[in-house]
Amino acid sequence: METIFGNLQGLKSSQLKQLQRLYHQRLPGDTVTTPEFSQRLAAISTEINFPVCAYVNRRGQVIRVGVGTPRQTQIPPLELPRYGAERLCGIRCIATHLKPEPPSEAALTAMAMQRLDALVVLNITGTGFTKRGGGATGYVKEAYLAHLTASYTPVLINSGASLNEKDKLPAPSWNVSPAMSLDVLSNQDFLELVEGLEEEFRREYVATDVDSDNDRVVIVGVMTDNVNAQQFKDIVEELGRLVDTAGGEVLQTMWQKRSRTHPQTVVGEGKVQEIALTAQTLGANLVVFDRDLTPSQVRNLEAQIGVRVVDRTEVILDIFAQRAQSRAGKLQVELAQLEYMLPRLTGRGQAMSRLGGGIGTRGPGETKLETERRAISRRISRLQQEVNQLQAHRERLRQRRQHQEVPSVALVGYTNAGKSTLLNTLTNAEVYTADQLFATLDPTTRRLVVPDALDSLPQEILVTDTVGFIHELPEALMDAFRATLEEVTEADALIHLVDLSHPAWLSHIRAVRDILAVMPVTPGPAMVVFNKIDEVSSDTLEIAREEFPMAVFISATHRLGLETLRQRLGQLIHFAAHER
């Protein structure tokens with residue numbers, strides 16, 4: 001039995017059968033619709049007093065029937081045929097409308113979201129009328145034919161609700177015919193119309209063809225009551241940098257202001273539709289949200305938007321997977337990814353709901369989902385054991401260093417503050433550096449000679465570069481990267497490096513201090529060091545000096561202030577030794 005979609009409450013079985021019989025209709029391939037099919041659709045719609053939509057493919061077969069408006073009955077993105085930016089989806093919608101008016105904005109937007117070949121709107125009389133000459137009763141008063149065009153009009157994202165009023169988004173453009181009779185409509189050459197449109201789309205999009213290896217990303221932020229405008233702007237801009245570091249291309253940033261997030265879709269229903277239309281218009285294949293999403297929220301959003309949806313944590317995990325070089329780093333990344341994935345297995349497609357096969361999987365009703373969950377849990381346990389062994393090995397190395405009485409200093413700071421650059425400059429190390437977030441993941445320790453605080457004689461210390469911190473560091477990463485963070489808690493003292501050129505340097509300091517405050521072992525004394533002073537104004541320098549009078553000001557790239565830093569390091573080590 002064919003499926004009828006939409007509002008079916010109160011329909012009689014005879015009316016349902018009439019709707020089901022529409023699936024047996026076949027329209028000519030070169031015709032949008034026929035008068036007979038349109039009148040039949042209108043007659044059913046009149047009887048049930050609801051709009052009815054029939055979706056027809058290019059072979060003239062009715063593939064979907066829905067009770068409701070084009071917006072209410074639209075085909076979910078994941079069920080639509082795959083098509084490129086230069087193609088239409090190969091399906092047209094023939095819809096009835098109970099009022100004598102042109103297609104609504106909602107109906108045209110639904111057409112654009114699905115990239116329909118065409119939208120036909122049949123305005124019906126409600127009671128029917130008798131044709132001239134006493135013929136059969138008709139129900140269609142007038143018809144409209146709408147289709148997409150290849151031209152795009154720049155509009156603001158959301159009525160002035162963009163982060164930057166200058167940010168503009170190409171909105172889909174469509175053409176709506178004047179009201180016409182069914183006879184005129186049925187004489188339209190449908191194939192010529194579709195082929196002409198797709199030729200226009202091919203010309204329009206030939207210049208926008210991009211490397212398929214790079215994700216084309218739409219970023220979505222939600223500004224809730226507990227975040228002010230500047231904080232929110234910093235969060236969204238940082239997410240853009242994270243996406244860029246992960247290898248994605250940010251096409252558009254969208255946002256919505258809400259008192260609290262929507263439990264099912266984070267943003268409201270209208271914004272979800274807007275995101276879907278934006279992704280479809282720009283050819284995006286990934287939507288990234290500025291906060292952690294629950295598994296059900298991801299499923300709901302992907303079903304409505306039609307492209308992959310990830311959250312901030314998943315972007316960070318992806319960056320870590322790309323950056324990890326050592327065996328320890330790779331183990332910890334895999335552990336973090338599996339711990340993140342485990343609660344999100346449910347709903348990963350129909351394959352997860354089929355029964356497993358093979359020895360050991362044919363228990364009483366065990367599903368493939370449960371089999372995979374068990375396998376991941378076993379892998380997590382094995383990885384955890386290996387990480388614990390590495391942790392014990394590092395502990396032995398630290399104890400050996402402590403027996404040799406070599407003081408240690410850990411470099412901490414917000415990601416991209418310049419920690420690796422500073423380590424390279426001070427010790428001639430060759431740690432990888434780049435103007436990216438999380439460029440370095442694996443801890444690197446090097447020897448450095450500094451003047452003793454008492455007699456100015458040279459003394460050796462160990463300096464360790466650590467992974468960069470970030471606002472709301474994902475808990476999975478806090479647990480998995482214990483080895484790196486242990487270097488912080490076991491060090492005699494800390495250098496808290498700050499990128500003074502970043503507009504949000506004060507909030508970065510707070511974020512690092514918040515993370516250090518929840519360490520299982522209280523870290524040693526910290527010295528604030530402001531980096532990149534060559535890139536800031538005198539006003540910013542003055543503010544930083546007033547806020548942090550004991551801080552050191554340097555430029556690791558231009559080797560400014562490094563001698564002062566070495567002297568202050570000797571004093572810091574002396575102070576830390578007396579604190580123990």
Side-chain angles (χ1 to χ4, degrees), residues 1-28 31-57 59-76 79 91-111 114 116-146 176-177 179-188 190:
M1 180 181 291
E2 292 87 355
T3 305
I4 311 297
F5 300 89
N7 183 8
L8 307 181
Q9 292 182 350
L11 292 187
K12 302 175 183 176
S13 59
S14 60
Q15 294 169 338
L16 286 172
K17 286 180 180 178
Q18 290 184 66
L19 290 165
Q20 287 161 1
R21 289 193 192 105
L22 291 172
Y23 282 101
H24 304 299
Q25 299 295 302
R26 188 74 176 258
L27 300 179
T31 304
V32 182
T33 184
T34 63
E36 295 77 20
F37 183 81
S38 300
Q39 292 287 10
R40 183 169 185 174
L41 201 66
I44 298 171
S45 181
T46 299
E47 182 176 341
I48 66 176
N49 198 31
F50 272 107
V52 174
C53 296
Y55 293 83
V56 185
N57 63 21
R59 293 194 295 272
Q61 299 168 315
V62 177
I63 61 168
R64 184 182 179 94
V65 175
V67 176
T69 64
R71 165 70 184 86
Q72 294 167 332
T73 64
Q74 68 187 49
I75 303 173
E79 296 179 22
I91 299 170
R92 59 190 181 274
C93 174
I94 304 168
T96 62
H97 190 55
L98 305 183
K99 295 179 181 179
E101 58 189 20
S104 66
E105 184 85 10
L108 294 169
T109 300
M111 173 184 70
Q114 299 166 91
L116 295 176
D117 288 354
L119 170 66
V120 176
V121 174
L122 307 172
N123 287 344
I124 58 180
T125 62
T127 57
F129 61 90
T130 303
K131 291 183 177 179
R132 186 181 303 169
T137 302
Y139 294 88
V140 178
K141 182 179 180 182
E142 58 195 8
Y144 292 90
L145 174 62
V176 181
S177 73
M180 65 178 80
S181 67
L182 283 181
D183 290 335
V184 173
L185 177 65
S186 61
N187 287 328
Q188 300 282 327
F190 175 63

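- Between atom CD1 of residue I94 and atom OH of residue Y55 there is a gap of 11.0 Å, rounded to the nearest 0.5 Å.
- With contacts defined as side-chain heavy-atom distances shorter than 4.5 Å, the pair Q18/R40 does not qualify.
- Note that CG of L116 and CD1 of I75 are 7.0 Å apart. Values are rounded to the nearest 0.5 Å.
- A118 approaches L145 most closely through the heavy-atom pair CB-CD1, 3.9 Å.
- The two residues V140 and S38 come nearest to each other via the heavy atoms CG2-O, 4.0 Å.
- Atoms CD and NE2, from E142 and H97 in turn, are 10.0 Å apart once rounded to the nearest 0.5 Å.
- The closest donor-acceptor contact from the side chain of R92 to the backbone of V32 lies under 3.5 Å.
- Across all their heavy atoms, P70 and C53 have their closest contact at N-SG, 3.6 Å.
- When atom types are taken as modelled, the side chain of E79 and the backbone of P76 share no donor-acceptor pair closer than 3.5 angstrom.
- In plain terms, the two heavy atoms of V65 and Y23 that are nearest each other are N-OH, 3.1 Å.
- Closest approach of A110 to Q74, counting heavy atoms only: CB-OE1, 3.4 Å.
- Contact detail for A143 and L182: the closest heavy-atom pair is CB-CD2, 4.5 Å.
- A distance of 14.0 Å separates CD1 in I44 from CG in N49, rounded to the nearest 0.5 Å.
- Remark: side-chain polar atoms of T96 are paired, donor with acceptor, to backbone N or O of V52 under 3.5 angstrom.
- Within the 4.5 Å cutoff, the side chain of L41 has no heavy atoms near those of the T33 side chain.
- No donor-acceptor pair under 3.5 Å is formed between the side chain of R64 and the backbone N or O of A54.
- A donor-acceptor pair is defined here as one N or O able to donate and one able to accept, closer than 3.5 Å; such a pair exists between the side chain of S45 and the backbone of F50.
- You'll find the side chain of L119 stays beyond 4.5 Å of the side chain of Y144, heavy atoms only.
- Distance check: Q188 CD to T31 OG1 gives 10.0 Å after rounding to the nearest 0.5 Å.
- Within the 4.5 Å cutoff, the side chain of P102 has no heavy atoms near those of the V121 side chain.
- For the atom pair CG of L122 and CG of L98, the computed distance is 11.5 Å after rounding to the nearest 0.5 Å.
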